[in-house]
Amino acid sequence: MTTTWTPSARQRDRDAYRRGRTRRSVLVSAASTVVLVGAVVLVTVTSPGWARVQASFFDPRVAWTALPDVATGLWLNVRVWLAASALMLVFGLLLAVLRTSRSPVLWPVRALATGYIDLFRGTPMIIVLYLVLFGVPGLRLQGTPQSQAVLGTIALTMTYSAYVAEVLRAGIESIHPSQRAAARSLGLSNTQTMRFVVLPQAVRRVVPPLLNDVVSLQKDAGLISVGGTILDAIRYAQIQTSETASFTPYVVAGVLFVLISIPLTRFTDHIARRNGYTFTGGRA
Amino acid sequence: MTGEPLLQVQALRKVYGRTVVLDGLDLDVDAHDVVVLIGASGSGKSTLLRCIDLLEDVDDGAVLLEGRDVTDPRVDADAVRARMGIVFQSFNLFPHLTVLDNVTLAPRKVHGIARDVAEDKALAMLDRVGLRDRAGAHPDQLSGGQQQRVAIARALVNDPVLMLFDEVTSALDPELVGEVLGMLKELKTEGMTMLVATHEMGFARQVADSVCFLDGGRVLESGPPEQVLGDPVEDRTRRFLRRIIEAGRL
């Protein structure tokens, strides 16, 4: 039925016009980027204190000496981040499911989950870290972990689970009640409805904000250095800074943190685009 | 008016991936005429309406409104859309706004009309669709038929020169279909130009000035309703109508 098609003169003219517009947009964005970046760099390097700032924060020699130690420390941050990510997703999911449960028998559990989320969403991360890193060993209980890396992971998980639980709860509540009704009408139990119908849709819907929490956790994994005995990237930077009297090692650590977060950020964008969160309405 | 059709669709082509939905489709709609589009699901009725309303970019061909090529990328698409009204199968009312705010949104934000003027006009329009008393309600408090009438009021309040209807009764209960089709008949008596995709053959018979049967991305057959629906020339039109009769809808 389909006839062979060659673009008409009208369509070729439109395509040429659109290509022209695209070329123009690319040129404009390139030019504006160069102007903006140039202005920022110019203002920075011509400022009166630039020489001192450069020596304190951007000393290439100090950066090069600090790099091996900071990079070694970063590996610990990455491991803490990965472990805490996995734990926070599991624990957050548990909290979200408990909080959205409907059964009257589960009222105390629901109240407990709500209280936990309120408490940990409101408490600054650094305070939770101090309490866990120094408070737990201080109890001198048998069987509690002594490693500050493990304790730090626990503290990060405790706080981030509260955030993740709220994101997942929003996802669960965004699933239209007709989906539940359809599932229950087929004879699925409440739990089965949750497991096979509601959660799969809810999780898909909130993947972008969840990944946002994962990126945020990656950055906060640097906070475990407050424990003092942990040799992570930030702690190594601190040591190097005390030896060289330059803050450059911190900048090195910061750059490394950004570098490992970029792939994940791009991945988040990709997922969001695939789920159609961006504008896809044809011509605006 | 020079006798030039209000709307001209010329050799329109639309492709999704490897599927050719519209394959060089031609169609004219004269001012004050009601043209009904019929055809199987997937024959391109909705796509055609969306292309005409510039909600989709066309891949070739053109849509001319009052003789002007509106599919040209140099044309301000928003200004063109503001002169056409479209009503969708699934209503697409804004759930976070009241009925009145749904109707006044475009007059206020697009046409820059003051709130009190826009509200007076909107209330008059709601009066016409028989829903003035529900102005303060939210869409989810209305029945399907009422929601669709609000959607029609929302489109009409902008004084469009052309109204597009995309299977506006397909999501309604049978007893609610009448109230919406009644609105369309009333619009015809007022001289509104309309392009209507529908499966309601009874409506097509009564109201249409011409009926177009879409098949394979083109208008396979068109003419007055009694001819296309009563004595079709094309074999494919016959088969389509037989299936409709078997489904008890003619």
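Quick note on labels: first sequence line is chain A, next is B, and so on, each numbered from 1.
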Using atom types as modelled, flag every donor-acceptor pair under 3.5 Å from a side chain in residues 84-92 of chain B to any protein atom, sequence neighbours excluded.
| unit_1 | atom_1 | unit_2 | atom_2 | d |
| --- | --- | --- | --- | --- |
| B:S90 | OG | B:N92 | OD1 | 3.0 |

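- With a 6.0 Å radius and a threshold of 12 heavy atoms from other residues, nucleotides or ligands, A:Y17 has its OH atom above the threshold.
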* To do: Check the pair A:R10, B:D72 against side-chain contact (heavy atoms from CB on, under 4.5 Å), reporting the backbone distance first and the verdict last.
  => CA-CA 9 Å; A:R10 178 150 56 192; B:D72 191 295; over 6 Å; no
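- Distance check, rounded to the nearest 0.5 Å: CH2 of A:W5 to CG of B:D23 gives 10.5 Å.
- Interface remark: A:D15 contributes no atoms to any contact with chain B (heavy atom separation under 4.5 Å).
- Distance check, rounded to the nearest 0.5 Å: CZ of B:R13 to CD of A:Q11 gives 9.5 Å.
- No more than 12 heavy atoms of other residues, nucleotides or ligands lie within 6.0 Å of CZ in B:R68, so this atom counts as exposed by the packing criterion.
- We find that B:D59 and A:R14 are not joined by a salt bridge, their nearest charged nitrogen and carboxylate oxygen being 4.0 Å or further apart.
- Contacts between B:A62 and chain A at a heavy-atom distance below 4.5 Å involve backbone atoms as well as side-chain atoms.
- Within the structure, every pair that satisfies the side-chain hydrogen bond (donor to acceptor under 3.5 Å, both in side chains) test and touches residues 88-100 of chain A, not counting sequence neighbours, is listed here: A:R99-A:T114, A:R99-A:E166.
- Proximity of a side-chain donor or acceptor of B:D60 to a complementary backbone N or O of A:S8 within less than 3.5 Å is detected.
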